[in-house]
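Below is one structure, written out as C-alpha cells; comments come after it.
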Amino acid sequence: MDQLVVAGKTYSSRLLVGTGKYKDFAQTRAAVEASGAQIVTVAIRRTNIGQNPGEPSLLESLPPTRFTILPNTAGCYSAQDAVRTLRLARELLDGHALVKLEVLGDPHTLYPNVVETLSAAQTLVKEGFQVMVYTSDDPIIAKQLEDIGCVAVMPLASLIGSGMGILNPWNLQIIIGNAKVPVLVDAGVGTASDAAIAMELGCDGVLMNTAIAAAKDPVLMASAMKKAVEAGREAYLAGRMAKKPYSASPSSPTSGIIAPAHNKAA
Amino acid sequence: MISLTVNGERRRFEAPLTAAQLIARLELTGKRVALERNGEIVPRGRFDQQPLSDGDRIEIVVAVGGG
C-alpha cells in the first residue's frame, strides 16, 4: 500500500488541509471529511476571556482522537514567536510533537523568512518537536532544513492564499530530488490540476487551505482535491510516457485500414 | 485585589487566585486551553497549584481555524 510516512507514522491520505476561512465549524468538518485528509492544520490564538462564553471550539468539531492536529505558527514573524507558539500548542495538545513551522517575512507577501525559519527549526528540533516546515522553493534552504532534522520540507508553490499554482516546477524537482524526508507543496494551489501537477512532479503530499475554503462549493472542491492528489500520485508512480513533440504515433493499428491513406492522396 | 494582564487586557481579580480559579472566572473550565504566565507555560495539570500574583502577564490560547 502506497502511504505517506511522516516522522515514522503512516497516513493513507497525501492531502493535508487547513481549517481557516470556512463559514462555520460544520462546513470545516464537512470539507475535511470530503478531502479525506488525516492531518489538519490549526492556528493558535488568544481565547476569548469571558466576552463570549459557550463559544464552540474547533477541536470539538475536529477531535484530536480522530485527526492528527498539526498546529501552525501562522502570523509569526520571528523565530522566538514561532517557538513560543508551538510550546503552547504542545501543551494544548497534550504533548503532541508534530507541528508546522512557518515564519513569515512580511504581511503583504507572507513569504517565508528563511533565516528566522532556520533558527526556529534548530530550537524546535532540539526540544523534541517533529517539525514540518514551510519554506521557499530554494533547494539549498530546503536541504539545510532537512539537515537540521525537520521531518518534512514544505516549499511553497506560490504565495499563501494566492491560488497561482506551481510557479517553479524546476526548483520543486530539485528539492524533491535532493530530499530524504517527505516534500509537500504547501501554499499556492488554486485548483485540482495544480495539486495533481505537484504530485506528478513527485511531491509526497500537498497542504492547502484557501483553494478549498474559498471555492464556491468548498465541500465539492475538497472532494476534487482528494481525487487530484490521488490521480497525481498514481500518475507519478505509473511513470508518464515520454513527450514526443514532433512525432505523432497512432493509438490504433496502422494495418488493415479499409481505405489506406495513400489511396486518398490528391 | 490583584491586577493581571490577561491576553493583553488589564483585569482585576480577588486574591488569592490560582490559575484554575482564573480559568473558572473566565468561564473556560473544561475547555482545551494552554496558559502562559510571564512567558512560562503552566501545565494544565498544575493549574490548581499555581498561584497568580499582582502584575502577572497571562496568555490563554486555544486552537482556531488556520492553514
Side-chain angles (χ1 to χ4, degrees), chain A residues 16-22 24-25 27-28 40-64 69-75 80 84-85 87-95 100 102 110 134 160-161 186-187 207-213, chain B:
Chain A
L16 287 66
V17 297
T19 55
K21 303 183 183 172
Y22 287 98
D24 53 33
F25 289 154
Q27 191 188 51
T28 311
V40 299
T41 63
V42 303
I44 304 299
R45 291 290 180 272
R46 286 172 165 172
T47 179
N48 85 75
I49 48 173
Q51 304 97 325
N52 193 4
E55 185 180 36
S57 107
L58 176 66
L59 296 183
E60 286 162 16
S61 295
L62 296 170
I69 304 296
L70 187 68
N72 72 22
T73 59
Q80 193 185 2
R84 186 178 170 204
T85 299
R87 286 177 184 151
L88 280 164
R90 180 157 64 178
E91 170 60 21
L92 187 73
L93 295 167
D94 306 317
K100 171 180 162 179
E102 58 180 295
L110 302 178
Y134 171 65
I160 293 173
D186 179 3
L207 197 168
M208 66 179 74
N209 187 344
T210 310
I212 296 174
Chain B
M1 299 285 280
I2 56 171
S3 176
L4 306 177
T5 304
V6 184
N7 289 357
E9 202 177 297
R10 281 277 286 250
R11 294 242 188 147
R12 292 175 67 76
F13 297 91
E14 275 178 41
L17 185 74
T18 64
Q21 286 165 330
L22 174 65
I23 293 288
R25 304 260 173 93
L26 298 175
E27 299 184 57
L28 297 171
T29 305
K31 299 269 180 190
R32 190 185 272 272
V33 298
L35 185 147
E36 201 186 57
R37 173 181 177 247
N38 300 328
E40 297 289 327
I41 287 171
V42 179
R44 226 176 313 164
R46 293 219 308 266
F47 280 0
D48 55 350
Q49 300 143 44
Q50 178 63 58
L52 302 180
S53 316
D54 192 50
D56 279 354
R57 287 172 295 106
I58 306 294
E59 292 289 340
I60 306 172
V61 300
V62 290
V64 302

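In what follows, chains carry the letters A, B, and so on, assigned in the order in which the sequence lines appear, proteins first and then strands, with residues in each chain numbered from 1. As the structure is a computational prediction, the values presented were derived from the model and not from experiment.
At a 4.5 Å heavy-atom cutoff, the contact between A:P64 and chain B is made by side-chain atoms alone. Using a 4.5 Å cut-off between heavy atoms, A:D94 touches chain B through backbone and side chain atoms alike. When heavy atoms are compared at a cutoff of 4.5 Å, A:L59 approaches chain B solely by way of its side chain, counted from C-beta outward. For a residue to count as touching a neighbouring chain, one of its non-hydrogen atoms must lie under 4.5 Å from one of that chain's; by this rule A:L93 touches chain B with backbone and side chain alike. Using a 4.5 Å cut-off between heavy atoms, A:E55 contacts chain B through its backbone alone, with no side-chain atom that close. Of the two parts of A:K21, neither the backbone nor the side chain holds a non-hydrogen atom closer than 4.5 Å to a non-hydrogen atom of chain B.
Interatomic distance, A:Y134 OH to A:L207 CG, rounded to the nearest 0.5 Å: 10.5 Å. The line from OG of A:S61 to CG of A:D24 is 8.5 Å long, rounded to the nearest 0.5 Å. Rounding to the nearest 0.5 Å places CG of A:L88 at 12.5 Å from OG1 of A:T73. A distance of 9.0 Å separates CG in A:D186 from CG in A:N72, rounded to the nearest 0.5 Å. Summarising the geometry, atom CG belonging to A:L92 is positioned 11.5 Å from atom OG1 belonging to A:T85; distances are rounded to the nearest 0.5 Å.
Residues of residues 39-51 of chain B that come closer than 4.5 Å to chain A, counting heavy atoms only, are B:I41, B:V42, B:P43, B:R44, ordered by residue number. Scanning residues 54-61 of chain B against chain A with a 4.5 Å heavy-atom cutoff picks out B:E59, B:I60, B:V61, ordered by number. Listed by sequence position, B:V6, B:N7, B:G8, B:E9, B:R11 are the residues of residues 6-16 of chain B in contact with chain A, using a 4.5 angstrom heavy-atom cutoff.
Chain B forms more heavy-atom pairs under 4.5 Å with one residue of A:N209, A:T41, A:V17 than with any other, namely A:T41. Put simply, of A:L16, A:T47, A:L62, the one with the most heavy-atom pairs under 4.5 Å next to chain B is A:T47.
Residues B:L17 and B:L4 have side chains in contact (heavy-atom distance under 4.5 Å, counting atoms from C-beta outward).
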For a quick test of your reading: what N or O donor-acceptor pairs under 3.5 Å do the side chains of residues 19-29 of chain B make, sequence neighbours left out?
| residue | atom | partner | partner atom | Å |
| --- | --- | --- | --- | --- |
| B:Q21 | OE1 | B:T18 | N | 2.8 |
| B:Q21 | OE1 | B:T18 | OG1 | 3.4 |

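Closest approach of A:F25 and A:S57 over heavy atoms only: CE1-C, 3.6 Å. Closest heavy-atom contact between A:I44 and A:P71: CD1-CB, 4.2 Å. The minimum heavy-atom distance between B:G67 and A:K100, with the atom names listed, is O-NZ, 2.7 Å.
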**OP:** Evaluate the side-chain contact (heavy atoms from CB on, under 4.5 Å) criterion for residues B:V64 and B:V62: first the C-alpha distance (whole Å), next the side-chain angles of each, then the deciding distance (0.1 Å), finally the verdict.
**Re:** CA-CA 6 Å; B:V64 302; B:V62 290; 3.9 Å; yes

